[in-house]
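Each ligand, and each atom within it, is numbered from 1 in the order the structure gives. Owing to the predicted nature of the structure, the values given are computational and were not obtained by experimental measurement.
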Amino acid sequence: MNVTLKNVTKKFPSRTKNTPDVYAVNDFTLEFPDGKLIALLGPSGCGKSTTLNLISGLLKVTDGKVLFGDEDVTDLAAEKRGVGLVFQNYALYPHLTVRQNILFPLQNLKGKEKMSKSQMNEKAENIARLVQVDNLMDRKPSELSGGQQQRVAIARALVKMPKVLLLDEPLSNLDARLRLQTREEIRRIQKETGITTLFVTHDQDEAMSISDMIVVMKDGVLQQTGLPQEVYDNPENLFVAQFLGTPPISTFDGEVRNGTLYIGDDVVFEGLSCQEKKVTVGIRPEGYVLKENGAFRCSLKRVEVMGRDITVISENENCNSGEIRSIIGSDNKVDVTKEWVCFDLKPEKVYVFDRESGKRLREAEVRSNG
Ligand code: ADP
Ligand code: MG
């Protein structure tokens, strides 16, 4: 089932005179495609949970429309929308066994949806097998690891076969290894069920690695959406460029003069069709090519050898994002006795942004510099 938000706004009115209203979601328009795993990504407080809760019906929109397929569900109560919800804290019933937790949503079905005991048991067994908790059915939540509890929570959300599965930071309470494992599990379960799944996270790695589509938000406003790699390669603005990528993109004060892009006195690229402008230049860590007398000069701090590649850590007075981490192949030799390191830059890894608005300046990109 595809989900569409049309000009959706959620305002939380201020409770005091001195504080402004909060627009947790602001004029949000997007279609979440059917059968995909979509990550809703952004820093804490950007409106991810609010967006999810507007889709689930737990919150009512201030303005705009929510559609499931062609059906307008804006005024439909949460329990009638057919969504499955999973939160960060697993929220299982502690006094019930795994089996009883999974059965719970089925036991509450009414009218023509009501099932017989054996039907319910069969459904619970099937879903438990799918999320691989079928060997834990008689345990209580306190007898499970965090990862197992979260899988039971997913089973409980799935047992009614919802039209849409909504996951709000489902991995945040898990340790690093379990987080990796469980996110692969979520990917597998989503693929096997084909349920349209929205997955909220502030972790760009998580979003990039498992989703078919990412949706980046900031301050309640949709910033960009697309395939993870597409958004990484083609950020629309400085915020998106900085939010995606580990290590993050480095940013520099730069300037375009006479069709030439400068960082300080270094000529980064020539032949731009952009007007004279103060800009912010973003360079991805993998955008540096080690080269004696290269165009871009930095003061060398140290080198970290990581097996497959080398990270060169350097500084540049025009950099406004701290130390620069450049990732180059391990076949490179860096002379660590030197004070300076010089690079050429890969044009497709260098982005130019308007210094005021942060908007990407397409006319200032160099894409065919030899
Ligand atoms: P995220 O999930 O991305 O961390 P939220 O959707 O929880 O962000 O919150 C978005 C913004 O809305 C925040 O500024 C938050 O403080 C505010 N907010 C969320 N819920 C309420 C509420 N019930 N009342 C007032 N403000 C809220
Ligand atoms: Mg949240």
Can a salt bridge be assigned to the pair E192 and R188 using a cut-off of 4.0 Å between side-chain N and carboxylate O? yes
For the Mg ion (ligand 2), every protein N/O/S atom that sits closer than 2.8 Å, waters excluded: S49 OG
The test is side-chain contact (heavy atoms from CB on, under 4.5 Å); show your working for M213 and L40 and say whether it passes. CA-CA 9 Å; M213 171 179 172; L40 202 51; over 6 Å; no
Basic-acidic side-chain contact under 4.0 Å: E125, R99: yes
Say whether N234 and R362, considering side chains only, have a donor N or O and an acceptor N or O under 3.5 Å apart. yes
Angle between ring planes, Y351 versus F353, binned at 30° and 60°: parallel, tilted or perpendicular? tilted
Rounded to the nearest 0.5 Å, how far apart are CD1 of I327 and CZ of R325? 7.5 Å
Any idea which residues sit under 4.0 Å from ligand 1, heavy-atom distances? F12, V22, A24, P43, S44, G45, C46, G47, K48, S49, T50
Could you check whether any side-chain heavy atom of N173 comes within less than 4.5 Å of a side-chain heavy atom of Q150, counting everything from C-beta outward? no
Checking N7 against D27 for the side-chain hydrogen bond (donor to acceptor under 3.5 Å, both in side chains) test, could you report, in this order, the C-alpha distance in whole Å, the side-chain angles of both residues, the deciding distance, and whether it holds? CA-CA 4 Å; N7 306 103; D27 197 18; 2.9 Å; yes
Charged N-O contact under 4.0 Å between E323 and R302: yes
